[in-house]
Structure formats: C-alpha cells, structure tokens
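All ligand and atom numbering here is 1-based and tracks the order in the structure. Starting from 1, each residue takes its place in the sequence as its number.
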Amino acid sequence: MTPAEARVRAEIARRGPILFEEVVEIALYDPVGGFYATGGAAGRRGDFLTSPEVGPLFGAVVAAALDRWWAEAACPSRFAVVEAGAGTGALARSILAAQPACSAALRYVLVERSDIQRLGHARHLALEDPAAAFASAPAADEDHHDIAAFPPVGPIVVSMADLPRLPGPVIVLANELLDNLPFGLTERTSDGWAEVRVGITDDRLAEVLVPVVAGALPEARVGARVPTFRAAARWVREARELAGSGGRVVAFDYASTLGGLAARPWTEWVRTYRQHARGGAPLEGLGTQDITCEVPIDALTPSPVVSTQAEWLERNGLDDLVAEARSLWQERAAIGDLAALRARSRVSEALALVDPTGLGAFRVLEWQT
Ligand SMILES: C[S@@+](CC[C@H](N)C(=O)[O-])C[C@H]1O[C@@H](n2cnc3c(N)ncnc32)[C@H](O)[C@@H]1O
C-alpha cells in the first residue's frame, strides 16, 4: 500500500467515505506520499510534457505577449508577473532567456506548491528574497539612501509556495495548473445527482455514491458524470483579486464544457500519467501517478475570453519567430552550428505547440481585471 493510500484509509476510518476531491488532494499533494512531493514532475525526464517543457519557443511567445501588455500599460518601471503552478521553472527560464523589452521592469514570481520543485527553481534561476524584491522606495533621509537606484533594475525573480500579496496590476499566468487542482465527481443517477465519495469495500478503496442537491448542471443521461471544480473556481477568484485593477489572468489548459464532459465517458477526461505513459485507474497506486481533469470552462466565473492555444500563439507573434528561425536554419544548415540546430528545433517546436490534435487544441482562458 502506498503512503498516500494509507493516509486516505486513515481519513476514511476516522470520518467515513471522503470526497473524491479529498482523495485527489492527498494523492497529488500529501507532503509525505503525494505525487508532487515524491518527485512527480513535468519534463522530458518527468512524467508528462507540457508546452514550456517542449522547448523555449512557448516562453518566447509569452515574453512577446508580456511586452505587449507592458507597452499597453505605458511601460511602468515595475511590472509584476506571477506564474502559478510553475513546476520546474521552464516557462520562467525561457521568458527570461527571450530578454523581453520589459526585463528591467520585470518582477517575476514563480509560485509552486511542491517543495522539491521549488528547490529546482533555486538551482536554475538567480532568485532574490521576496521581501527585498518588492520593497517600496526608501525615504530620502540622512543616511543618503540612493533613491535614484530605485526601483532596482530587473529582472528580479522570486519563488514562493503560495500566491503573493502584491499591489496590482499584476499579470497572473498558469500553464496546466487548473487541470491539476483537486476536483470532485458528480454522477447522474435515476434519482438525480450524487457525489462520488471514496470508502472501503472488501478492504479495497471503492466509490460510494451519495445523493446531493446539485446546482446548475447540464441535462445528462443516467450514469453520466461531470467534475466539480471548487478548487479551480477558488483559484480563479484569488488570481483575479491578485491581478487587481488593470491586470489579467491567463490560464492555458485542456478544456471543455460541463455539457461536453457529461456527454463523454468520464474515464476519457479524468486522466492519469506516469513516466510519459497513461497511468492506471485514479484510485490505483495513489501518489505514484498524476491525476488530471479536463477543465469545464463554464464551471469558472466570470466567463473568460477563450481562444485555442494555436490562435493565441499566432496572435502573439509565433509566426514571426518561426519565420526568423527558418531563414536562420537555411543560412546555417550547412555549418550545422548550435544556432542552426536551435533554429531547426524552434521550427519543430512550433509544429508541436499548434498541433490541432495536441497542444494546439488547448484553450487559453483570459480574464482582464
Ligand atoms: C501539471 S504541472 C504544470 C507545471 C508547469 N506549469 C508546466 O507547464 O510545465 C502543475 C503544477 O502545479 C503545481 N500546483 C498545484 N497546485 C498548486 C497551487 N495551489 N499553487 C501553486 N502550485 C500548484 C503542482 O505542484 C505542479 O507542479
């Protein structure tokens, strides 16, 4: 039995069947046995590949978008960007490597719940103390503080476990965070809706259906399921508060609608991953596999502006970056140096990022606050 399963069984022994969403919370984030506490991660050497882990191109396009938003805000001397669920820090690294025009103003906060992954941030990025990074201007006083050097020149990069409190406006980014927040399941039965709880039957973890008065849920056949997205809805609320007036929240994820999910078998939209392969059933091997759920956009309020990832990347300059890489590759292919190889890999990264059967079909959810 895994440590995460032992923890789930202890909770059930104490309280009776627990919510499916509590099981996901323990399986992913238990500090001892959770998937992300025991080394689970995105990346080629990890368990699944995300857009920032495909290569630096995704971050280069996000850097171009940051420049656009910075320019629209009249190029402020401090420009705060918070990346939630930062994982290994790959997106931060490629944004910084792209050297956006806003770099000197940039205060970049990686927010990552997993201690192991935060340790990785310190290895790969020059991190600063959060308190120093966001200090307000010193008063000109008898100690002759050099207020001319304020604000300090960025980029200033910090890593934290929770969303910070910052004066807005802030840009909040999240790639594949929402699908990884604990979610519940609700099933349509012949008597109405029932929530899925997890108990113990014949000494095995087993689902238990408990009738509930459900809010607005789509028409669905008996046996259909929809996810409940309380944690994601809460995160959107907190992220919008953090973004503040004039800020924005931008979340990239695989997404659908409650009706769309109800019409499909739930085993298609609740997926598990382990070492780049699909894992087992969600209640198997708790803590040894990632558990994710397609995001029902209509479970999030207020409604975001939605585009596909392919549309969003193209709107934010992907084609120019790829054209540049193609001509560099043509010039230097015969030389075959590092610049030529990077250019060639940028072209193939672009194909993966806009692939309509893969990452290109992801949705970009944007809230301007
Ligand atoms: C699927 S991974 C994506 C990582 C990265 N954004 C990427 O695209 O490669 C989701 C990450 O979100 C982190 N996470 C989950 N809940 C979080 C929370 N409430 N705050 C910060 N990070 C969280 C997980 O630990 C995990 O590293």
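Between N175 and ligand 1, at least one N/O pair is under 3.5 Å apart. Close N/O approach between G85 and ligand 1 is found [any backbone or side-chain N/O within under 3.5 Å]. Here's the thing with N180: none of its N/O atoms is less than 3.5 angstrom from an N/O atom of ligand 1. Where the criterion is an N or O separation shorter than 3.5 Å, residue side chain and backbone included, W235 fails it with respect to ligand 1. Residue Q117 has at least one N or O atom closer than 3.5 Å to an N or O atom of ligand 1. Between E83 and ligand 1, a contact under 3.5 Å exists for no N or O pair.
Listed by number with element, the atoms of ligand 1 under 4.0 Å from a non-hydrogen atom of T50 are 7 (C), 8 (O), 9 (O). With ligand atoms numbered from 1 in the order given, ligand 1 contributes 1 (C), 2 (S), 3 (C), 10 (C) to contacts under 4.0 Å with heavy atoms of E176. Atoms of ligand 1 lying under 4.0 Å from at least one heavy atom of L177, given by number and element, are 12 (O), 14 (N), 15 (C), 16 (N), 17 (C), 23 (C). Ligand-side atoms of ligand 1 in range of P52: 8 (O), range being under 4.0 angstrom from any heavy atom.
In this structure, atom 2 (S) of ligand 1 lies nearest to the protein heavy atom Y36 OH, 3.6 Å. Protein heavy atom nearest atom 27 (O) of ligand 1, with residue, atom name and distance: E112 OE1, 2.8 Å. In this structure, the protein non-hydrogen atom closest to atom 21 (C) of ligand 1 is R113 N, 3.5 Å.
Within the 4.0 Å heavy-atom criterion, the part of L181 lying near ligand 1 is the side chain and not the backbone.
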Run the salt bridge (Lys or Arg N to Asp or Glu O under 4.0 Å) test on E294 and R271 for me, step by step, so that the C-alpha distance in whole Å, both residues' side-chain angles and the decisive distance to 0.1 Å come before the verdict. CA-CA 8 Å; E294 262 176 61; R271 292 192 280 271; 3.2 Å; yes
Take E207 and R225 through the test salt bridge (Lys or Arg N to Asp or Glu O under 4.0 Å) and record every step on the way to the result. CA-CA 13 Å; E207 291 185 356; R225 287 184 168 185; 2.5 Å; yes
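Comment: E25 engages R113 in a salt bridge, judged by a side-chain N to carboxylate O separation of less than 4.0 angstrom. One finds no salt bridge joining D319 and R326 here, because no Lys/Arg side-chain nitrogen approaches an Asp/Glu carboxylate oxygen to under 4.0 Å. Here R315 pairs with E366 in a salt bridge; the nearest charged N to carboxylate O distance falls below 4.0 Å. Between E11 and R14, at least one side-chain nitrogen of the basic residue sits less than 4.0 Å from a carboxylate oxygen of the acidic one, meeting the salt-bridge criterion. Taking the charged nitrogens against the carboxylate oxygens, E22 and R15 do have a contact shorter than 4.0 Å, which makes a salt bridge.
Proximity of A84 to ligand 1 is not established, as no heavy-atom distance is less than 4.0 Å. Distances from ligand 1 to the non-hydrogen atoms of Y29 include at least one value under 4.0 Å.
Using a 4.5 Å heavy-atom cutoff, the side chains of N180 and D290 are in contact.
Between T189 and L209 the shortest heavy-atom distance is CG2-CD1, 4.2 Å.
The side-chain contact (heavy atoms from CB on, under 4.5 Å) test with L177 singles out one residue from L181, N175, L173, and that residue is L181.
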